[in-house]
Novice: 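Please find one structure pasted underneath; my questions will follow.
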Amino acid sequence: MKVLFVAGFGPIVRDGDAAGQLYRQALNLPGWKEEEGGYWHTESVPGVRAFGLWPLEHAAESCFGSPRWPDDVPIPQGWIEFDVEDVAEATEDLRAAGYRLLVENREEPWGQIVSRFLSPEGLLVGVTVTPWMREPGLAGDREPSPPT
């Protein structure tokens with residue numbers, strides 16, 4: 001598996017107002033945009049291509065097709081996505097290493113291809129291909145269609 005870059009990182013939030021108070025107001029991180037359903041993101045924080053406050057209901061929908069996180073799966077506190085050269089190959093490498101994949105090689109409505117699993121620390125980890133982040137100029141030249 002070849003990781004190319006960190007595509008995104010952020011908390012998985014249960015209380016969007018409290019998260020917004022910290023990240024958008026107290027820390028004053030720049031460039032926030034809100035998508036439908038309370039997903040806030042910015043591509044203006046140096047060191048990460050996208051930083052987002054991903055509501056738990058949205059993460060559950062993305063992984064399980066339901067807004068409710070299953071009781072038998074630990075609730076993640078954050079998410080990180082690594083853009084890789086080949087998602088299918090990375091998925092097979094992770095499966096061979098014994099990781100329980102929650103999503104496998106799925107194309108999301110916003111155009112990203114992703115496989116997801118939980119890390120030993122409880123992060124929701126994605127291996128992805130994020131097309132708009134691979135174009136010249138990276139995320140700053142094109143508005144992505146992020147998770148909603």
Side-chain angles (χ1 to χ4, degrees), residues 1-14 16 19 22-24 27 29-148:
M1 169 181 343
K2 182 176 180 185
V3 173
L4 303 176
F5 54 86
V6 175
F9 179 75
I12 293 180
V13 300
R14 295 187 202 188
L22 172 61
Y23 296 102
R24 292 192 321 269
L27 291 175
L29 298 177
W32 289 99
K33 300 171 197 117
E34 182 180 18
E35 302 297 330
E36 184 178 331
Y39 175 77
W40 286 87
H41 63 97
T42 176
E43 286 74 40
S44 300
V45 177
V48 67
R49 297 203 179 169
F51 181 84
L53 308 178
W54 201 10
L56 178 61
E57 297 82 21
H58 295 200
E61 187 72 42
S62 181
C63 290
F64 304 105
S66 165
R68 187 172 177 278
W69 195 267
D71 292 334
D72 65 333
V73 178
I75 296 173
Q77 301 302 302
W79 63 276
I80 189 166
E81 292 180 348
F82 297 99
D83 243 55
V84 295
E85 197 168 68
D86 184 321
V87 171
E89 177 185 307
T91 300
E92 288 308 313
D93 289 350
L94 291 164
R95 183 187 337 289
Y99 292 98
R100 176 184 173 198
L101 297 164
L102 305 175
V103 172
E104 297 184 35
N105 305 317
R106 183 170 69 210
E107 184 171 351
E108 297 285 15
W110 50 90
Q112 182 183 51
I113 300 170
V114 64
S115 292
R116 290 194 177 94
F117 64 98
L118 289 176
S119 74
E121 307 79 25
L123 286 177
L124 185 57
V125 178
V127 290
T128 66
V129 168
T130 310
W132 63 88
M133 290 184 180
R134 293 174 180 230
E135 296 175 1
L138 305 176
D141 285 354
R142 179 176 163 196
E143 287 297 315
S145 299
T148 57

Novice: Show the nearest heavy-atom pair for residues Pro55 and Ile12, with the distance to one decimal.
Specialist: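 That would be C-CG2, 4.4 Å.
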Novice: Is the side chain of Trp40 donor-acceptor paired with the backbone N or O of Gly16 at a distance under 3.5 Å, no angle test?
Specialist: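 Looks like no, no N/O pair under 3.5 Å.
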Novice: Work out which heavy atom in Asp83 is nearest to a heavy atom in Arg134; give both atom names and the distance.
Specialist: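 Closest approach of Asp83 to Arg134, heavy atoms only: OD2-NE, 2.8 Å.
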Novice: Identify, with sequence neighbours excluded, every residue that meets salt bridge (Lys or Arg N to Asp or Glu O under 4.0 Å) alongside Asp72.
Specialist: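 In terms of salt bridge (Lys or Arg N to Asp or Glu O under 4.0 Å), with neighbours along the sequence ignored, Asp72 is linked to no residue.
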Novice: Mind listing the closest non-hydrogen atom pair of Phe9 and Trp79 along with its distance?
Specialist: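 Between these two residues, the closest heavy atoms are CD1-O, 3.1 Å.
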Novice: Which residue is it: Leu102, Leu123, Val125? I am looking for the one with a side-chain contact (heavy atoms from CB on, under 4.5 Å) to Leu118.
Specialist: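 Exactly one option meets the side-chain contact (heavy atoms from CB on, under 4.5 Å) with Leu118, and it is Leu102.
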Novice: Please identify each residue that fulfils ring pair (Phe, Tyr, Trp, His ring centres under 6.0 Å) with Trp69, with sequence neighbours left out.
Specialist: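 Per chain and number, Trp69 pairs via ring pair (Phe, Tyr, Trp, His ring centres under 6.0 Å) with Phe64.
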Novice: Please enumerate all residues that pass side-chain contact (heavy atoms from CB on, under 4.5 Å) together with Ala50, with sequence neighbours excluded.
Specialist: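 Expected list: Glu43, Met133.
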Novice: Would you say Arg49 and Thr130 make side-chain contact, with heavy atoms under 4.5 Å?
Specialist: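 No - every pair of side-chain heavy atoms lies 4.5 Å or more apart.
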Novice: Apply side-chain hydrogen bond (donor to acceptor under 3.5 Å, both in side chains) to Thr42 and list each qualifying residue two or more places apart in sequence or on a separate chain.
Specialist: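 Partners of Thr42 by the side-chain hydrogen bond (donor to acceptor under 3.5 Å, both in side chains) criterion come out as none, since no residue qualifies.
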Novice: Just jot down the side-chain contact (heavy atoms from CB on, under 4.5 Å) partners of Asn105, sequence neighbours excluded, or say none.
Specialist: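 With sequence neighbours excluded, Asn105 shows a side-chain contact (heavy atoms from CB on, under 4.5 Å) to Val87, Ala88, Thr91, Ser115, given in chain and number order.
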Novice: Under the side-chain hydrogen bond (donor to acceptor under 3.5 Å, both in side chains) rule, collect the residues that match up with Ser119, sequence neighbours excluded.
Specialist: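 If we apply the side-chain hydrogen bond (donor to acceptor under 3.5 Å, both in side chains) test to Ser119, skipping adjacent residues, the hits are Glu121.
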Novice: Which residues pass the side-chain contact (heavy atoms from CB on, under 4.5 Å) test with Glu61, sequence neighbours left out?
Specialist: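 So Glu61 forms a side-chain contact (heavy atoms from CB on, under 4.5 Å) with Pro67.
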Novice: Going by an N to O cut-off under 4.0 Å, is there a salt bridge joining Arg24 and Glu34?
Specialist: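 Here Arg24 does not pair with Glu34 in a salt bridge, since their nearest N and O are not under 4.0 Å apart.
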Novice: For Arg116 versus Cys63, what's the shortest heavy-atom pair and its separation?
Specialist: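 Arg116 and Cys63 have their closest heavy atoms at CD-SG, 3.9 Å.
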Novice: Mark yes or no for whether His58, through its side chain, and Tyr39, through its backbone, hold a donor-acceptor pair below 3.5 Å.
Specialist: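 No: the side chain of His58 does not pair with the backbone of Tyr39.
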Novice: With Glu57, which residues qualify under side-chain hydrogen bond (donor to acceptor under 3.5 Å, both in side chains), at least two apart?
Specialist: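 So Glu57 forms no side-chain hydrogen bond (donor to acceptor under 3.5 Å, both in side chains) with any residue.
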Novice: Report the residues that fulfil side-chain contact (heavy atoms from CB on, under 4.5 Å) with Val6, sequence neighbours left out, ordered by chain and then residue number.
Specialist: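 Scan of Val6 (side-chain contact (heavy atoms from CB on, under 4.5 Å), adjacent residues dropped) gives Val48, Ile80, Phe82.
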Novice: Any idea which heavy atoms bring Met1 and Glu89 closest together, and the distance?
Specialist: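 Nearest pair, atom of Met1 first, then Glu89: N-OE2, 3.6 Å.
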Novice: Please report the shortest heavy-atom distance between Val127 and Ala90, naming the atom on each side.
Specialist: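 The answer is CG2-CB, 4.1 Å.
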Novice: Hydrogens and angles aside, do Glu108 and Trp110 bring a side-chain donor and acceptor to less than 3.5 Å of each other?
Specialist: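 The criterion, which ignores hydrogens and geometry beyond distance, is not satisfied for Trp110 and Glu108.
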Novice: Classify the ring geometry between Tyr23 and Phe51 as parallel (under 30°), tilted (30 to 60°) or perpendicular (over 60°).
Specialist: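 Ring orientation of Tyr23 relative to Phe51: tilted.
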Novice: Enumerate the side-chain hydrogen bond (donor to acceptor under 3.5 Å, both in side chains) contacts for residues 93-103, please, sequence neighbours excluded, ordered by first and then second residue.
Specialist: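 Non-adjacent pairs meeting side-chain hydrogen bond (donor to acceptor under 3.5 Å, both in side chains): Glu92-Arg95, Arg95-Glu104.
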